[in-house]
Amino acid sequence: MDQIPEDWRSLMSLMLHNPHEHGYLICNYAPLIPIENTILFYFKAYEHMRFVLAYTNDAAYRDILKKLPYQNRWFQITEGNYLLEASLKHKNYGVDDNPEKAHDPETFFKYYRHSNCHRLDRCFMIEEVGGYSAEQFELIFIVKYPLFLPLLQQELQRYNQLRCLKPHTLFFYGNIQDAEQSCAMIYHDQLDNPQATVGELMCTLEELYQGTDLTVALHRRITRHTDEPVENEEIILQVKVLPGSRKGTKITLPYEGSHFYGQPPHDLILTLDIAPHETYILYGNDLVVHWVLRLVDALAKCTINLKTLDGRYLKIKVDEVVYPGYELVIKDEGWPIGEGLKGNLRIIFDVSFPKTLSGRQQHSIRQVLDQ
């Protein structure tokens, strides 16, 4: 047994003790989720706990944090690993000023999330261990803290908070609608509404950011009599999208789905998707912009005008010398996350170099830079 990894021993223990009671948890246990999708589950769990559970049931939120593993030794685990140490120092989390922070379960909870969310930033900072990919960075956390995600799932299950995160969709690739349809065959008796008609609703980033009322034309299957074939009927519906909605958010329209003769109409569940945006990328709670500066603007300060998703224009002064990959963070201009809070706007710069320079230009540049 000692040669079996801790997370798999934990799974075996669940399977030996009340497997029927923990059936959904066992089938969707973190070690079974493809590694590429494991951290996606944690991001969903983190946002649900911090911005839903903490406001609706703070006692449950605090109790789950206290039950998580590595309470008193997560800080020691980082020692000797360049990536973990650099990630910790990048934000500090107050541990240097207050050693008691190292024993605060919420500190580790945030550290695990922020480190994986901004993992490429950490890799970029450390020359000694260059060449690490983002996926390898995630894997280091899984190996160093193998019981963290499995036991987090167990605690969420204990408070009936696991199913709403739908970890079963993470076993599949492609869009979430495909995953839901595939899962319906496996977890037919476990999905909230297995007979619902499912569809996809494509939205712009502006529509999800501000919220909107959409008029959409959809098709549903119907039969008017027992002996008649199935028809496709077009329907026009009004759909309300709340501000701050995300890709994968589900909107349920009762009784608007398929309707077969002799049966009550099915519900219609629409899964939101995001159309590609020419300027912004949504990453966690942050909005990311890639901005190209001329070489002269990168070296000699400049101001950029950026149109926000709600139609405002931000005049952003760039006072530092900018190099390719330089990142400027504007707080509270990111994605809405509830209670008037927003993530950050992250502007990642590239620099456009001139293809040719005259001899006079080269001489002038050398004179300035050699001073």
Side-chain angles (χ1 to χ4, degrees), residues 36 39-40 43 83 86-87 90-91 114-127 129-138 202-210 244 246-247 273-337 342-371:
E36 295 86 348
I39 198 61
L40 297 179
F43 288 159
L83 283 173
S87 184
H90 186 73
K91 290 266 186 179
H114 297 333
S115 296
N116 283 279
C117 185
H118 305 288
R119 57 201 185 281
L120 282 177
D121 301 342
R122 276 55 165 175
C123 296
F124 180 77
M125 290 188 304
I126 312 169
E127 296 180 359
V129 289
Y132 275 81
S133 68
E135 291 74 18
Q136 288 171 320
F137 189 77
E138 293 174 1
M202 186 69 69
C203 299
T204 66
L205 210 53
E206 287 87 352
E207 289 170 339
L208 295 182
Y209 182 89
Q210 300 181 86
R246 296 171 179 269
K247 177 177 181 177
D273 201 355
I274 303 177
H277 197 276
E278 61 181 6
T279 303
Y280 291 96
I281 298 172
L282 178 59
Y283 190 85
N285 293 327
D286 296 340
L287 287 171
V288 179
V289 175
H290 290 86
W291 195 279
V292 179
L293 290 179
R294 298 181 306 157
L295 180 60
V296 63
D297 292 329
L299 296 175
K301 300 183 181 180
C302 66
T303 299
I304 63 175
N305 291 308
L306 180 63
K307 186 178 181 180
T308 64
L309 292 174
D310 55 2
R312 295 175 292 121
Y313 281 90
L314 296 178
K315 287 190 174 183
I316 302 169
K317 292 184 178 181
V318 184
D319 295 329
E320 304 291 334
V321 173
V322 173
Y323 50 84
Y326 178 86
E327 182 175 318
L328 181 62
V329 177
I330 311 296
K331 292 186 178 298
D332 302 321
E333 286 292 350
W335 198 253
I337 51 180
K342 290 183 180 180
N344 297 327
L345 169 62
R346 298 166 53 196
I347 305 174
I348 301 175
F349 289 97
D350 201 353
V351 179
S352 174
F353 286 79
K355 294 182 179 179
T356 61
L357 290 173
S358 67
R360 183 177 178 180
Q361 288 174 319
Q362 294 178 26
H363 178 71
S364 299
I365 290 173
R366 186 171 295 280
Q367 276 189 318
V368 171
L369 296 181
D370 281 346
Q371 289 181 357

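Only this structure's heavy atoms are used, side chains among them; waters, hydrogens and symmetry mates stay out.
- By the ring-ring contact (aromatic ring centres under 6.0 Å, His included) test, His277 pairs with Tyr280, sequence neighbours left out.
- Atom NZ of Lys331 and atom CG of Leu345 lie 12.0 Å apart (nearest 0.5 Å).
- With sequence neighbours excluded, no residue forms a side-chain hydrogen bond (donor to acceptor under 3.5 Å, both in side chains) with Thr356.
- Annotation: side chain to side chain contact (heavy atoms under 4.5 Å, CB included) contacts of Thr204 (sequence neighbours excluded): Glu206, Glu207.
- The main-chain N or O of Gly343 is never found under 3.5 Å from a side-chain atom of Asp286 such that the two would form a donor-acceptor pair.
- For Asp310, the salt bridge (Lys or Arg N to Asp or Glu O under 4.0 Å) criterion is met by Arg312, not counting sequence neighbours.
- Here Leu293 contributes atom CG and Ile304 contributes atom CD1; the two are 6.5 Å apart, rounded to the nearest 0.5 Å.
- Contacts classified as side-chain hydrogen bond (donor to acceptor under 3.5 Å, both in side chains) and involving residues 294-306 (residues at least two apart or in different chains) are given here: Arg294-Asp297.
- Under the rule for a side chain to side chain contact (heavy atoms under 4.5 Å, CB included), the partners of Leu299 that lie at least two apart in sequence or sit in another chain are Leu295, Val321.
- Evaluation of the salt bridge (Lys or Arg N to Asp or Glu O under 4.0 Å) test over residues 348-360, restricted to residues two or more places apart or in two chains, returns none.
- Residues passing the side-chain hydrogen bond (donor to acceptor under 3.5 Å, both in side chains) test with Gln210, sequence neighbours excluded: none.
- In this structure the side chain of Leu205 reaches within 4.5 angstrom of the side chain of Trp335, judged on heavy atoms.
- Atoms CD1 and CH2, on Ile316 and Trp291 in that order, are 7.5 Å from each other to the nearest 0.5 Å.
- The two residues Val288 and Tyr283 make their nearest non-hydrogen contact at CG2-CB, 3.9 Å.
- Looking at residues two or more places apart in sequence or on another chain, you find no side-chain hydrogen bond (donor to acceptor under 3.5 Å, both in side chains) involving Tyr326.
- Val318 and Phe349 get closest at one heavy-atom pair: CG2-CZ, 3.9 Å.
- Note: Thr308 OG1 to Leu306 CG = 7.5 Å, rounded to the nearest 0.5 Å.
- Residues meeting the side chain to side chain contact (heavy atoms under 4.5 Å, CB included) test with Gln362, sequence neighbours left out: Leu357.
- A 4.5 Å side-chain heavy-atom check between Glu333 and Leu314 finds at least one atom pair inside the cut-off.
- When every heavy atom of Tyr209 is checked against every heavy atom of Gly334, the shortest pair comes out as CE1-O, 3.5 Å.
- Using a 4.5 Å heavy-atom cutoff, the side chains of Asn344 and Ile330 are not in contact.
- Taking every heavy atom of both residues into account, Asp332 and Lys342 meet most closely at O-CD, 3.6 Å.
- Atoms CD1 and CD1, from Ile281 and Ile274 in turn, are 11.0 Å apart once rounded to the nearest 0.5 Å.
- The distance from atom NZ of Lys317 to atom CG of Leu328, rounded to the nearest 0.5 Å, is 13.0 Å.
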